[in-house]
Amino acid sequence: MQDEVLILGGGVAGCAASIALARKGRSVTLIERELMPRHKVCGEFLSGEALEDLHALGIDVAVLGAVPIPYVRLAAARRAAEAPLPFPAASLTRKTLDTALIAEAIAAGVRVERGRSVQALSRTTTGMWQATLDDGISCEAPTVFLSTGKHDLRGHPRPKDPQRWVAFKMYYRLAPAQAAELASASELMLYPGGYGGIQPVEGGIANLCCVVQQRYLARAGHRWDGLLAKMQQDCPHLAMRLAGAEPLLNKPIAITHIPYGHIRRTTQNGLYCIGDQAAVIPSFTGDGISIALHTARCAAAAFLADEPAPLFQARLRSALLPQMRLAEFAANGLNNALARAVLPFCLRVWPGVMRITAQLTRVATQHSDVAPQAIAG
Ligand SMILES: Cc1cc2nc3c(=O)[nH]c(=O)nc-3n(C[C@H](O)[C@H](O)[C@H](O)COP(=O)(O)OP(=O)(O)OC[C@H]3O[C@@H](n4cnc5c(N)ncnc54)[C@H](O)[C@@H]3O)c2cc1C
């Protein structure tokens with residue numbers, strides 16, 4: 001089979017790009033390895049930019065049950081402080097969001113192949129891109145959008161993660177008093193060796209998502225029970241939130257080797273890398289989905305304007321670099337004992353800290369797009 005564009009990976013970025021292209025009349029096939037959307041390791045925080053992009057795609061998060069998140073709370077050791085978020089935000093499970101995005105892609109005319117995994121992506125002698133699927137069948141197209149998220153395709157690796165991060169997600173039904181106290185805040189908890197976030201999602205449940213370094217996990221005996229106990233010991237705020245809570249998954253979902261800070265330098269003609277395949281921002285910013293939507297929108301615009309993929313990728317890198325480096329710098333700060341001790345205090349006496357950090361670590365909005373460049377002659 002042959003299409004104008006093949007999109008590999010039907011998460012946030014892949015769906016968003018496919019919708020944008022199909023709405024402009026392009027023939028698009030999207031290949032997604034899962035038959036149905038599943039839970040993903042994600043804090044499920046939707047920033048203001050993500051909400052804008054989803055709205056433009058026709059996704060009404062309020063109708064899907066998204067919980068508005070007007071506050072952020074920061075907890076470290078025995079201190080906690082709260083500040084209003086300087087932009088509208090919400091939370092929604094990835095399962096619900098991904099289901100809505102796939103449905104929107106199908107409605108836009110995208111041919112969606114689900115339950116089929118891409119094994120390799122290579123170039124044919126005629127210059128076409130060829131994706132080989134797990135059943136041995138190949139699909140060819142002159143243009144490919146690579147949107148496999150955290151998963152690298154053979155021949156298209158990202159650099160290794162030197163800090164060896166591991167992330168976990170678990171849903172809980174909190175005890176009523178704790179659910180009432182969490183209310184509609186996103187809580188960021190800091191401990192030596194990582195950080196975690198807890199926030200309400202639709203259905204009256206809470207999402208606990210945490211990121212830890214391998215050595216912290218090793219000290220917890222490489223076990224979820226041990227890790228949970230250690231995080232609660234290091235951050236009593238978490239112990240308080242989880243008192244009497246009921247876990248809702250048999251075991252947490254986990255991923256390893258997250259190359260935080262990676263921004264793709266270059267690509268080949270006809271290959272646009274988007275979402276986590278373009279850039280991986282530290283999770284505490286809650287900005288990964290927004291970057292996925294942003295890079296998808298910009299790549300679709302670049303393709304429609306005939307901008308060569310290598311030029312697009314280089315410009316995207318320059319546009320993302322300042323915010324990414326700042327987010328990395330802040331993430332390293334969270335890992336510092338002194339910063340952990342003083343941050344909640346700073347937030348309490350000067351709530352503007354949160355506004356400034358949130359704005360500086362945010363990636364370009366609709367108004368500061370990576371506009372496609374005119375191609376010389
Ligand atoms: C711990 C943690 C917490 C986070 N919290 C937040 C948060 O609160 N807010 C936020 O905005 N961002 C958050 N993020 C980041 C966010 O989850 C990602 O940036 C975002 O999901 C990237 O979207 P994507 O489309 O690139 O990838 P994904 O959404 O992961 O989609 C990739 C898709 O490709 C498919 N796929 C993979 N390999 C293949 C293959 N070989 N063949 C076919 N299909 C394939 C997968 O099944 C998947 O559906 C968090 C990340 C982590 C690690």
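First listed ligand is number 1; within each ligand, the first listed atom is number 1.
If you look at Thr148 next to ligand 1, the close heavy atoms, those under 4.0 Å, come from the backbone and the side chain alike. At a 4.0 Å heavy-atom cut-off, ligand 1 touches Leu153 through the side chain alone. With a 4.0 Å cut-off on non-hydrogen atoms, Ala292 touches ligand 1 through its side chain and not its backbone.
Applying the salt bridge (charged side-chain N to carboxylate O under 4.0 Å, His left out) test to Arg325 and every residue at least two apart in sequence or in another chain returns Glu328. For Tyr172, the ring pair (Phe, Tyr, Trp, His ring centres under 6.0 Å) criterion is met by no residue, not counting sequence neighbours.
The line from CZ of Phe303 to CG of Leu21 is 6.0 Å long, rounded to the nearest 0.5 Å.
Listed by atom number, the atoms of ligand 1 under 4.0 Å from Val211 heavy atoms are 1 (C). Residue-ligand proximity, Gly275 to ligand 1, at heavy-atom distances under 4.0 Å covers atoms 26 (O). Ligand 1 places these atoms under 4.0 Å from at least one heavy atom of Gly9: 34 (O), 35 (C), 44 (N). Within ligand 1, the atoms closer than 4.0 Å to a non-hydrogen atom of Ile31 are 43 (C), 44 (N), numbered from 1 in the order shown. Every atom of ligand 1 with a heavy atom of Val118 under 4.0 Å away is listed here by number and element: 40 (C), 41 (N), 42 (N), 43 (C). Interface of Lys150 with ligand 1, defined as ligand atoms under 4.0 Å from a residue heavy atom, comprises 17 (O), 21 (O), 30 (O). Close approach of ligand 1 to Gly288 (heavy-atom distance below 4.0 Å) involves ligand atoms 10 (C), 11 (O), 12 (N), 15 (C), 19 (O). Of all atoms in ligand 1, numbered sequentially from 1 with element shown, those under 4.0 Å from a heavy atom of His151 are 37 (C), 38 (N).
At a 3.5 angstrom cut-off on N or O pairs, Ile255 does not count as close to ligand 1. The shortest N/O to N/O separation between Arg33 and ligand 1 falls below 3.5 Å. Distances between N or O atoms of Gly43 and those of ligand 1 include at least one value under 3.5 Å. By the 3.5 Å distance cut-off applied to N or O atoms, Glu44 is counted among the residues near ligand 1. Checked against a 3.5 angstrom limit, the closest N/O atoms of Leu8 and ligand 1 fall outside it. Not a single N or O atom of Val41, backbone or side chain, sits closer than 3.5 Å to an N or O atom of ligand 1.
Assignment of Arg38 to the shell around ligand 1 is not supported, since no heavy atom sits closer than 4.0 Å. For Ala50, the heavy-atom gap to ligand 1 stays at 4.0 angstrom or more.
Of the protein's non-hydrogen atoms, the one nearest atom 19 (O) of ligand 1 is Asp276 OD1, 2.7 Å.
Under the 4.5 Å side-chain heavy-atom criterion for Ile, Leu, Val, Met, Phe, Trp and Tyr, Leu227 and Leu248 are members of the same hydrophobic cluster. The hydrophobic clustering, which links ILVMFWY residues whose side-chain heavy atoms are closer than 4.5 Å, places Ile291 and Ile7 together.
Residues Ser184 and Pro200 come closest through the heavy atom pair CA-CG, 4.1 Å. When all heavy atoms of Glu181 and Met240 are compared, the pair lying nearest together is OE1-CE, 4.2 Å.
Looking at Ala296, Ala167, Ser283 and measuring to atom 50 (C) of ligand 1, the nearest heavy atom belongs to Ser283. Heavy-atom proximity to atom 32 (C) of ligand 1, evaluated over Ser147, Ala13, Cys42, is greatest for Ser147. For atom 21 (O) of ligand 1, the nearest non-hydrogen atom from the set Lys40, Arg94, Glu32 comes from Arg94.
A side-chain donor-acceptor contact under 3.5 Å links His237 and Glu187.
A salt bridge does not link Arg116 with Asp134: none of the charged nitrogens is closer than 4.0 Å to a carboxylate oxygen.
When each of Thr148, Leu8, Thr295 is checked for a side chain to side chain contact (heavy atoms under 4.5 Å, CB included) with Gln277, only Thr148 meets the rule.
Between Tyr191 and Tyr216, the ring centre distance stays below 6.0 Å.
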* May I have the step-by-step check of salt bridge (charged side-chain N to carboxylate O under 4.0 Å, His left out) for Lys40 and Asp98, ending in yes or no? => CA-CA 10 Å; Lys40 284 181 174 151; Asp98 290 5; 2.7 Å; yes
